[in-house]
Amino acid sequence: MLLLLSRRVSPTSFAKRLARPRKPLAVPEPSLLHPGTQVFGAKFGTVSASAKRTGTMPERRPFVRLPTDVYPVNYGLCLKPDLVDFTFEGKLEGKVEVTQGTNQIVMNCADIDIITASFVPEGGDEINATGFNYQNEDEKVTLSFPSVLQNGSGTLKIDFVGELNDKMKGFYRSKYATPSGEIRYAAVTQFEATDARRAFPCWDEPAIKATFDITLIVPKDRVALSNMNVIDRKPYPEDDSLVEVKFATTPIMSTYLVAFVIGEYDFVESQSSDGVMVRVYTPVGKAEQGKFALEVAAKTLPFYKEYFNVPYPLPKIDLIAIADFAAGAMENWGLVTYRETALLIDPKNSCSSSRQWVALVVGHELAHQWFGNLVTMEWWTHLWLNEGFASWIEYLCVDHCFPEYDIWTQFVSADYTRALDLDALDNSHPIEVNVGHPSEVDEIFDAISYSKGASVIRMLHNYIGDEDFRKGMHSYLLKFQHKNASTEDLWECLEQASGKPIAAVMNSWTKQMGFPIIVVDQDQQGNDRVLKISQQKFCASGPHDGEDCPSWMVPISICTSEDPSCTKLKVLLDKPEATVVVPSTGPDQWIKLNPGTVGFYRIQYSSGMLECLLPGIRDLTLLPVDRLGLQNDLFSLLHKQADMQEEKNRIERVLGAISSPDLIQRVLTFSLSVCQSLSAEH
Ligand code: BES
Ligand code: ZN
């Protein structure tokens with residue numbers, strides 16, 4: 001089986017993601033492009049490993065979105081999986097709108113055989129399709145009709161068959177053992193980004209939303225789940241070992257969020273305070289292990305409802321642990337799927353880091369129910385925002401539900417410092433890159449998108465302030481609910497709510513790679529402290545020596561020893577350097593930039609300022625996240641200043657003052673890597 005690994009590594013696993021090579025693409029004749037279709041990927045692209053080796057560029061075929069002359073309104077979808085032969089039969093009855101007369105319908109379709117297809121215009125006679133032309137490379141099929149389908153409504157009927165594959169994408173089989181050790185299979189789905197087309201022919205793009213009426217025909221002793229609640233369950237007339245399970249109509253939604261699961265599971269359930277039925281499905285005999293996630297989900301739903309001031313729109317939500325699962329978790333609307341380690345907690349035998357991980361993953365996927373599912377990105381280019389936002393708010397949610405975890409310190413020590421480390425490398429990339437062909441989604445979805453994405457949203461939240469941030473989020477979700485939106489749409493809503501230049505600030509962080517180092521020096525003038533602040537790109541490989549030095553719009557907060565947990569002054573550094581006056585700050589006080597370690601930059605203090613900070617470190621009045629941030633900045637500067645002995649000594653003194661298991665860990669890791677590379681050489 002193809003092994004894919006979670007995008008973000010859990011604290012208890014240190015597996016690396018495997019890179020998958022891209023398929024080289026051929027370029028079609030421009031005349032073959034459908035008029036009015038958008039073409040992507042012509043400019044931006046990544047070079048495959050083989051092309052890098054040979055020095056030849058692979059031919060890149062421009063990616064073409066589906067034509068819009070026929071679009072779906074409702075999918076009536078019936079699926080009958082065979083858990084022994086690993087096949088499925090499907091019947092689609094789609095209500096569609098024809099906006100421009102045509103004698104062909106182009107849809108997405110992959111690894112599916114269409115048996116029959118026809119179109120019934122509203123009030124007209126059925127027209128049988130005369131040809132199914134599969135464009136396998138493009139994962140599309142063109143259905144041809146003998147006459148023109150006129151403008152207006154109609155029903156598209158397709159009978160098809162497919163394989164319950166073992167690739168953990170599309171509609172696939174997942175192997176499990178019963179408590180007595182017998183091997184059995186469940187049928188489950190994973191559709192994001194573009195694998196719904198492996199389960200049924202569809203318009204598999206996030207902006208083409210429709211409602212779904214799903215029916216599953218399954219063995220009567222199996223659990224059958226989908227996005228919505230069951231509205232009918234009756235014996236299947238042709239086989240009395242089967243039942244026909246019908247689910248309620250979904251709200252209008254994107255195909256990548258559709259899901260179904262057929263298997264053997266136990267569950268625990270409760271109702272959240274806002275009336276939503278929550279169930280956690282576990283392997284048979286392990287219902288106990290679902291109780292912690294159930295508690296998290298029941299607390300989390302009301303938290304998001306209140307935070308966004310928008311209710312959860314479905315009557316139920318199921319969270320299910322899947323035995324074979326490629327990602328960490330997937331936010332299918334109303335039926336969230338998880339890897340077992342991201343959902344189950346053995347109450348007798350688990351550590352707090354496992355519980356924290358489960359709480360974060362549940363918080364992440366439930367946030368998507370609003371941010372992603374209710375309002376969906378217009379195209380995969382905006383997926384970073386979907387994931388960055390969920391990767392930030394999962395911490396806000398866990399901090400609310402479990403304040404005793406002190407989870408923001410985890411954020412700084414995990415996501416934030418990791419993002420800074422990676423983004424300082426020359427081979428980093430901007431958070432936001434144009435995605436053309438959806439196969440490019442996997443290439444860019446890494447720690448930069450998740451952890452830097454979350455870090456810049458955290459900085460933005462701090463810059464705007466919670467009240468205005470929530471106002472902006474509420475108006476964004478209200479304005480675009482059941483629709484699609486782009487990153488710019490969110491910036492506009494936040495800009496309106498805060499009156500601050502959000503788009504300009506955020507573009508400087510999302511459209512260029514890297515981040516600045518803020519160099520700061522001070523001068524005491526009477527009872528004021530005058531700071532000289534400048535920015536330059538921070539590079540792990542040494543000072544940035546490029547011609548045009550990039551620059552950022554940097555929100556900077558400043559605190560003093562008077563109250564280390566309170567921001568005394570906020571400035572927006574929108575040029576290479578500036579002078580800032582911190583009023584009423586006597587010579588005996590220390591000054592720290594970036595309290596809470598929320599800004600996505602490093603700070604290089606002058607020697608004098610650094611010396612001043614020592615007492616605050618020693619007497620622990622400087623908060624743990626601030627000590628952590630300071631230590632991390634200094635450690636990264638230590639490498640750069642290896643030739644300046646005096647400065648190095650000073651930094652080492654400060655580092656020594658910070659009680660620091662993390663530093664010890666880093667030194668150990670470094671020593672180990674040196675040992676390993678030495679032993680590899682010999
Ligand atoms: N939507 C993603 C999973 C995904 C993204 C699947 C892109 C396919 C393409 C989900 O919300 C997610 O982010 N899952 C994470 C775990 C999460 C807790 C960070 C994962 O799978 O690593
Ligand atoms: Zn996510």
Check E378 with R65, please: is the shortest side-chain N to carboxylate O separation under 4.0 Å? yes
Once the angle between the rings of Y307 and F469 is folded into 0 to 90°, is it parallel (under 30°), tilted (30 to 60°) or perpendicular (over 60°)? tilted
Answer yes or no: is there a donor N or O on one side and an acceptor on the other, between the side chain of D489 and the main chain of S486, under 3.5 Å? yes
May I have the step-by-step check of side-chain contact (heavy atoms from CB on, under 4.5 Å) for E205 and Y256, ending in yes or no? CA-CA 8 Å; E205 294 183 3; Y256 81 91; over 6 Å; no
Report the residue from W509, F600, Y416, W552 that forms a ring-ring contact (aromatic ring centres under 6.0 Å, His included) with F515. F600
Please report the closest heavy-atom contact between K575 and Q535, naming both atoms and the distance. O-NE2, 3.2 Å
Please check this pair: side chain of D399 against backbone of D406, looking for a donor-acceptor N/O pair closer than 3.5 Å. no
Given the ring of F325, does R339 sit roughly above its face, with NZ or CZ under 6.0 Å from the centre of the six-membered ring and within 45° of the axis? no
Using the benzene-type ring in the case of Trp, are the ring centres of F63 and W379 under 6.0 Å apart? yes
For residues 477-507, pull every pair meeting ring-ring contact (aromatic ring centres under 6.0 Å, His included), keeping only residues two or more places apart or in separate chains. Y476-F480
Charged N-O contact under 4.0 Å between R418 and D421: no
Minimal heavy-atom distance between P595 and D626, with the atoms involved, is CA-OD1, 3.3 Å
When you measure from the side chain of N108 to the backbone N and O of W203, does any donor-acceptor pair fall under 3.5 Å? no
Is the closest basic N to carboxylate O distance between K532 and D521 below 4.0 Å? no
Sidechain-backbone polar pair: H382 side chain, L385 backbone, donor-acceptor under 3.5 Å: no
Between H429 and I448, the two heavy atoms sitting closest are O-CG2, 3.6 Å
